[in-house]
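Structure first, commentary second.
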Amino acid sequence: MADSKYSSALERISSAIDAAKVVFSRFTPGEIAAEYKAGHDPVTEADHALDAALRKNLLRPGEGWLSEETVDDRSRLSHSLVWVVDPLDGTREFVAGIPEFCVSIALVENGRPVAGGICNPATDEVFLGAIDSGLTYNGAAAVASQKNSLQGSLVLASRSETKRGEWTAFQNGSFTVQPMGSVAYKLARVSAGLADITFTLTPKNEWDVAAGAALVLAGGGYVITKAGGELTCNRENPLLPGLIACGPHLKDELMQLLDPYLQPVDAD
């Protein structure tokens, strides 16, 4: 990885991932009790323990914090540097023992995701990168897919969205649709060229996508919101209308395919 103005942040992200691995080692996926938050989303003891470990390793004075498992402190809106994290993305898969979950860490600078780290402890995968220095996958340099046609592409779809029938319109295309848990993990796989495309046309929160978006950009890929603009984070309302990510040469054909399903949405 090339020198980066975010090298210190990347070191902190790596340390936080190491701390998260220690926390994960205390739990057995598929054998952990879950409570349910509003909206029927599961939360476990692991979520809370991971959140504490990330905060300890990442946050410094003068920086903001936005986490799925922390009460929102709106003072983050006054900071130019903000950590946006999901301590355990894919909790449903974690509870079910499906190895599609991860810790997701993003550094946001003036609203832009600039560095990120995602670790899937079940598969022992670590994705780490910054927009000015590139991407590594398990320590080796990696880039987003260089495919230039949707034909034969691998598209990662949300397992829950697939179950709800939201991907029916895309099932008979010239590409392969593979359901997978954790939007952050799907974005990470796209960032390193392990898949070509992922998108969600349903609202997601910043902590779901910020790190993955930073990694896709670090890998030279393309990221756009469902509303048609660049991803901006550390907003007052962290809910986003949806996100699209792919290799750089697939964006025109992909956006043409998705155009009938895209409507301007203001998540503010």
Side-chain angles (χ1 to χ4, degrees), residues 6 8-10 12-17 19-20 23 37-39 41-44 46-91 101-119 127-131 182-188 191 200 202-218 223 225-227 229-243 245 265-268:
Y6 307 108
S8 175
L10 291 169
R12 274 192 267 168
I13 292 172
S14 292
S15 295
I17 285 174
V23 174
K37 300 180 285 189
D41 290 327
V43 62
T44 69
D47 291 80
H48 298 305
L50 287 162
D51 187 70
L54 296 186
R55 190 180 183 102
K56 179 179 179 180
N57 281 273
L58 294 170
L59 191 60
R60 300 290 183 270
E63 298 173 344
W65 183 261
L66 177 63
S67 167
E68 181 175 16
E69 304 306 337
T70 305
V71 175
D72 191 5
D73 180 352
R74 296 299 181 91
S75 69
R76 64 181 171 80
L77 298 172
S78 65
H79 294 295
S80 60
L81 290 176
V82 178
W83 293 100
V84 179
V85 307
D86 192 340
L88 178 46
D89 190 51
T91 303
F101 53 87
C102 65
V103 56
S104 176
I105 304 167
L107 178 65
V108 170
E109 182 179 47
N110 297 320
R112 185 183 187 196
V114 293
I118 287 176
C119 170
F127 307 78
L128 183 68
I131 59 172
S182 171
V183 61
Y185 183 48
K186 290 191 285 288
L187 285 164
S191 77
T200 176
T202 59
K204 300 294 178 187
N205 285 292
E206 291 179 17
W207 51 76
D208 296 315
V209 300
L215 293 175
V216 173
L217 294 171
V223 176
T225 68
K226 181 185 176 185
E230 290 187 8
L231 175 62
T232 301
C233 294
N234 195 32
R235 296 147 48 104
E236 184 172 357
N237 179 358
L239 190 65
L240 302 162
L243 196 76
V265 177
D266 188 352
D268 286 331

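Scope of the values below: all heavy atoms of this structure, side chains included, with no hydrogens, waters or symmetry mates. Values in this document were obtained by computation on a predicted structure and should not be read as measured data.
We find the NZ-OG1 distance between Lys226 and Thr202 to be 8.0 Å, quoted to the nearest 0.5 Å. Note: Arg112 CZ to Thr232 OG1 = 10.0 Å, rounded to the nearest 0.5 Å. Taking SG of Cys102 as the reference point, atom CG of Leu88 lies at 8.0 Å (rounded to 0.5 Å).
Residues Pro203 and Leu239 share a closest heavy-atom pair of CB-CD1, 3.9 Å. When all heavy atoms of Ala245 and Leu187 are compared, the closest pair comes out as CB-CD2, 3.5 Å. Between Ala188 and Ser191, the closest heavy-atom pair is O-OG, 2.5 Å. The two atoms that bring Leu128 and Ser14 nearest to each other are CD2-OG, 3.4 Å, heavy atoms only. Here the closest non-hydrogen pair linking Ala19 and Asn57 is CB-ND2, 3.4 Å.
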message: Apply side-chain contact (heavy atoms from CB on, under 4.5 Å) to residues Val82 and Cys233 and explain how you reach the verdict.
response: CA-CA 9 Å; Val82 178; Cys233 294; over 6 Å; no

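Residue pairs meeting the salt bridge (charged side-chain N to carboxylate O under 4.0 Å, His left out) criterion with at least one member in residues 71-85, sequence neighbours excluded, are Asp72-Arg74, Asp72-Arg76, Arg74-Glu236.
For the pairing with Leu54, the side chain to side chain contact (heavy atoms under 4.5 Å, CB included) check across Val85, Asp86, Val23 returns one residue only, Val85.
With sequence neighbours excluded, no residue forms a ring-ring contact (aromatic ring centres under 6.0 Å, His included) with Tyr185. Shown here are the side-chain contact (heavy atoms from CB on, under 4.5 Å) partners of Leu217, two or more places apart in sequence or in another chain: Ile131, Val223. Residues satisfying the side-chain contact (heavy atoms from CB on, under 4.5 Å) criterion with Ala115, sequence neighbours excluded, are Tyr6, Leu10, Ile13, Leu107, Ala130. Ser80 meets the side chain to side chain donor-acceptor pair (under 3.5 Å) test with no other residue; sequence neighbours excluded. When the side chain to side chain donor-acceptor pair (under 3.5 Å) test is applied to Ser78, no partner is found at least two apart in sequence or on another chain. Listed by chain and number, the residues in a side chain to side chain donor-acceptor pair (under 3.5 Å) with Asp89 are Ser182 (sequence neighbours excluded). Taking the side chain to side chain donor-acceptor pair (under 3.5 Å) definition, one finds that Thr225 meets it with nothing, sequence neighbours left out.
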Atom pairs and distances, donor-acceptor, side-chain atoms in residues 206-216, under 3.5 Å, two or more places apart:
residue, atom, partner, partner atom, Å
Glu206, OE1, Asn234, N, 2.7
Glu206, OE2, Asn234, N, 3.2
Glu206, OE2, Arg235, N, 3.0
Asp208, OD2, Asn205, N, 2.8

Return a table of donor-acceptor pairs under 3.5 angstrom between the side chains of residues 59-66 and protein atoms on other chains or two or more places apart.
residue, atom, partner, partner atom, Å
Glu63, OE1, Arg12, NH1, 3.0
Glu63, OE1, Arg60, N, 3.0
Glu63, OE1, Trp83, NE1, 2.9
Glu63, OE2, Arg12, NH1, 3.2
Glu63, OE2, Arg12, NH2, 3.1
Trp65, NE1, Thr70, OG1, 3.3

